[in-house]
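Heavy atoms only: backbone and side chains are in, while hydrogens, waters and symmetry mates are out. Position 1 is the first residue of the sequence; numbering continues from there.
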Amino acid sequence: YSAETTDFLGIGPSSVRGAAQPKQPTPTLEYDISDGVVDVVPGDPRCILVIDEESSKLDDLERRYEGNTELGVGDAESYSLGPCMYYYPKRNKPELGYIKDIDWFHFRTSKPTVEARDSCFVKCLDLMEELPITFKLDPGILSAASWMGLAGASRKLLHKFNVDPLYRPEVTQRDLERDDSIRLRPNAMQAAISGGYTDIVKILSKGDYTKEIDEWGRTVEDYVRMVGSPIRPHFAKSILGIHVQDQVPRTGIFDAELAGESEWNRTESEPFDDFSCEFDVIDSEIEDLPYEEFLKDYYLPGRPVVLRNHVSKEEMESFSKTSWESLHHFNPSSRHKVGVTAYPPLSMQKYCSHQMSIEQLERNERCEDNPKLHMMHAEHSKNFDEVFGIYDGDPLRGGFRKIKEWFDLKQSWQIFFGSDGSGATLHWHAAAFNILYVGVKEWHITPPLYRGWSGMTAQSVKKRIADEPHSMKCTQMPGDLIYIPDHWGHMTINHGFGIGVAAIVPQRHRYVPGLTE
């Protein structure tokens, strides 16, 4: 199949900058549809239109663009707009390297660029109309474009294909009884807001921010003015013209008695006394956060939240030093792989050449390879039978019970501990829950539009992002459960020795727009 193309406005190259040239014969592009996959953009094999989902070419492309930690490249994102796909890596080594810089997902200067990604989908949507094949677009495709932060594709779907930005599929009571997680599916406007994509919000709303956008009668203005909204006040005013007054988040008073005495070393090398949080903190001793309220006020608007004093005293005591002295794998004298970040190879770094004991981390001892840097350890749930022995290895019976109440889906678990000053550097992933059992943890988070990946120390990243208008901070206390929504960038710093556990809620078990997994 072939289609004709022209230069923009018929203007071609010239020896005189900007001079118009006689219109040249338009070149003809050949589109081969025989193998079930069409290359949309000549010279960019990442951009494809899928005609046959069983095509062997898809397997070849998946192998070609799978992640390579040695090259600092992550797997391709798992989203599409209907049959249109672009193999855009979740992380890509920045020009200065991970140790000196941050890979900003939506602001890359190295190839492939985010501009090429958006352009691919726009051209693919055009090609769908030109090919001698009938494509039926799901009305939810605009939600996928918004979720992915595709401004150009969102504009085309809205204006050319007339897709409704408030569309959500009809759901019967029987559907809900069979699988109520379908309620987690956002419409396109909610998806744009949850990503912090102010430009897409402006496109979809057509400048009217007073129109109701959800079943509770709330408007774009209502969403944007929520405490901790992904649409940060600076951009709400400068791009949308919505003025957000000084926000006062809900607060909860830390109950030191409930948290108990961990018996671990709490010495801090630098004084830290900022116990504030720029998003909501709900005191679990006073009020609950039921599923309906979580769905309405936090999940669909894409807002983080903290549940303070959420973990029982018995569970907190099970992470004390005395309790761990009776364990094997997590005995204070046990030795583990450590690094500057939780998983060093992901940012092209190495683990410390020698293992260190938990007590050494507690004393803030350093790796001989990097004597100036703080060390930490992270691992997955292989030994949860030991650390969550009071629940027979099932953390959902304790402080993580809200995951079962709110999602009732499978999770990916990890436990981490680190010395004073250590922490997870800037990274992002699917929605996650984190409980702190020992220490005090400083968080800095960024909405999905500003998500990034780095191998810099947490302290170095903090200097880069802490004062930016898109960044928020929060201090997590022992016994706090913190919820970080999908794709939010986040980094942490331990103040004193720290132990925590996290659960990631994979997107493949939820109704996430455009997900291909």
Side-chain angles (χ1 to χ4, degrees), residues 98-99 259 262-272 316 319-321 323-324 327 329-347 349-381 383-384 387 413-427 429 432-445 454-462 473-480 482 484 490-504:
Y98 287 108
I99 298 177
S262 74
E263 301 168 338
W264 295 97
N265 183 8
R266 294 187 296 178
T267 303
E268 301 174 11
S269 56
E270 296 183 6
F272 180 77
M316 294 297 293
F319 281 79
S320 69
K321 190 171 184 177
S323 295
W324 277 32
L327 305 181
H329 182 77
F330 293 107
N331 188 283
S333 63
S334 62
R335 305 177 73 84
H336 304 267
K337 291 194 301 184
V338 298
V340 177
T341 65
Y343 302 103
L346 295 181
S347 56
Q349 300 185 73
K350 296 181 179 180
Y351 284 101
C352 175
S353 61
H354 57 89
Q355 294 186 337
M356 296 181 67
S357 70
I358 299 176
E359 286 181 318
Q360 285 179 297
L361 295 179
E362 179 194 16
R363 295 192 295 266
N364 201 9
E365 294 185 17
R366 311 298 173 88
C367 171
E368 295 176 359
D369 310 337
N370 299 291
K372 294 183 179 180
L373 302 179
H374 306 278
M375 294 290 115
M376 66 177 299
H377 168 79
E379 64 180 71
H380 294 287
S381 57
N383 295 285
F384 269 27
V387 75
W413 296 90
Q414 60 183 328
I415 183 172
F416 36 83
F417 39 84
S419 65
D420 172 52
S422 67
T425 190
L426 188 65
H427 65 291
H429 42 64
F433 294 81
N434 183 297
I435 288 179
L436 184 65
Y437 290 98
V438 177
V440 172
K441 182 170 291 187
E442 176 185 359
W443 288 74
H444 293 271
I445 66 175
S454 183
M456 300 165 61
T457 64
Q459 290 89 343
S460 297
V461 172
K462 175 184 174 180
K473 64 181 177 65
C474 185
T475 299
Q476 184 183 25
M477 304 299 291
D480 283 358
I482 186 169
I484 302 295
H490 52 284
M491 53 138 293
T492 64
I493 298 176
N494 288 313
H495 293 281
F497 174 70
I499 301 176
V501 174
I504 297 175

Testing the basics here: between [X] and [Y], what is the closest heavy-atom pair and its distance to 0.1 Å?
{"X": "M375", "Y": "C352", "value": "SD-CB, 4.4 Å"}
{"X": "V438", "Y": "F319", "value": "CG2-O, 3.8 Å"}
{"X": "P344", "Y": "G339", "value": "CG-CA, 4.1 Å"}
{"X": "N434", "Y": "K441", "value": "ND2-NZ, 4.3 Å"}
{"X": "P345", "Y": "Y351", "value": "CD-CE1, 3.7 Å"}
{"X": "A502", "Y": "F416", "value": "CB-CE2, 3.7 Å"}

I'd like to know if the side chain of [X] reaches the main chain of [Y], judged simply by a donor and an acceptor atom lying under 3.5 Å from each other, with no hydrogens or angles considered.
{"X": "R266", "Y": "G496", "result": "no"}
{"X": "T425", "Y": "G455", "result": "no"}
{"X": "Q476", "Y": "E442", "result": "no"}
{"X": "H380", "Y": "W413", "result": "yes"}
{"X": "D480", "Y": "M477", "result": "yes"}
{"X": "E362", "Y": "N265", "result": "yes"}
{"X": "W264", "Y": "E359", "result": "no"}
{"X": "H377", "Y": "G418", "result": "no"}
{"X": "R366", "Y": "N364", "result": "yes"}
{"X": "H336", "Y": "M376", "result": "no"}

If you define the side chain from C-beta out and look only at heavy atoms, does anything of [X] sit under 4.5 Å from [Y]?
{"X": "I358", "Y": "S334", "value": "yes"}
{"X": "Q414", "Y": "S381", "value": "no"}
{"X": "T475", "Y": "W443", "value": "no"}
{"X": "K321", "Y": "S262", "value": "no"}
{"X": "I415", "Y": "F384", "value": "yes"}
{"X": "P478", "Y": "M316", "value": "yes"}

Euclidean distance, [Y] [atom2] relative to [X] [atom1], rounded to 0.5 Å:
{"X": "I493", "Y": "K462", "atom1": "CD1", "atom2": "NZ", "answer": "5.0 Å"}
{"X": "I445", "Y": "T492", "atom1": "CD1", "atom2": "OG1", "answer": "12.0 Å"}
{"X": "L327", "Y": "S333", "atom1": "CG", "atom2": "OG", "answer": "10.5 Å"}
{"X": "S357", "Y": "R335", "atom1": "OG", "atom2": "CZ", "answer": "5.5 Å"}
{"X": "C367", "Y": "Q360", "atom1": "SG", "atom2": "CD", "answer": "10.5 Å"}

Criterion side-chain contact (heavy atoms from CB on, under 4.5 Å) on F497 and T267, from CA distance to verdict: CA-CA 8 Å; F497 174 70; T267 303; over 6 Å; no
- request: Begin with the C-alpha distance, continue with both residues' side-chain angles, and end with the deciding distance and a verdict on side-chain contact (heavy atoms from CB on, under 4.5 Å) for F433 and V501.
  value: CA-CA 8 Å; F433 294 81; V501 174; over 6 Å; no
message: Under 4.0 Å between a side-chain nitrogen and a carboxylate oxygen: does that hold for E379 and K337?
response: no
message: Between S353 and E368, is the side-chain contact (heavy atoms from CB on, under 4.5 Å) condition met? List the steps.
response: CA-CA 8 Å; S353 61; E368 295 176 359; 5.8 Å; no
task: Decide if the gap between the ring center of H490 and the ring center of H444 is smaller than 6.0 angstrom.
output: no
message: Check the orientation of F272 and H495. Use parallel for under 30°, tilted for 30 to 60°, and perpendicular for over 60°.
response: parallel
message: Is there a side-chain contact (heavy atoms from CB on, under 4.5 Å) between Q349 and T341? Walk through the geometry before answering.
response: CA-CA 9 Å; Q349 300 185 73; T341 65; 4.1 Å; yes
query: Is there a side chain to side chain donor-acceptor pair (under 3.5 Å) between H374 and D420 once you walk through the steps?
result: CA-CA 7 Å; H374 306 278; D420 172 52; 5.7 Å; no
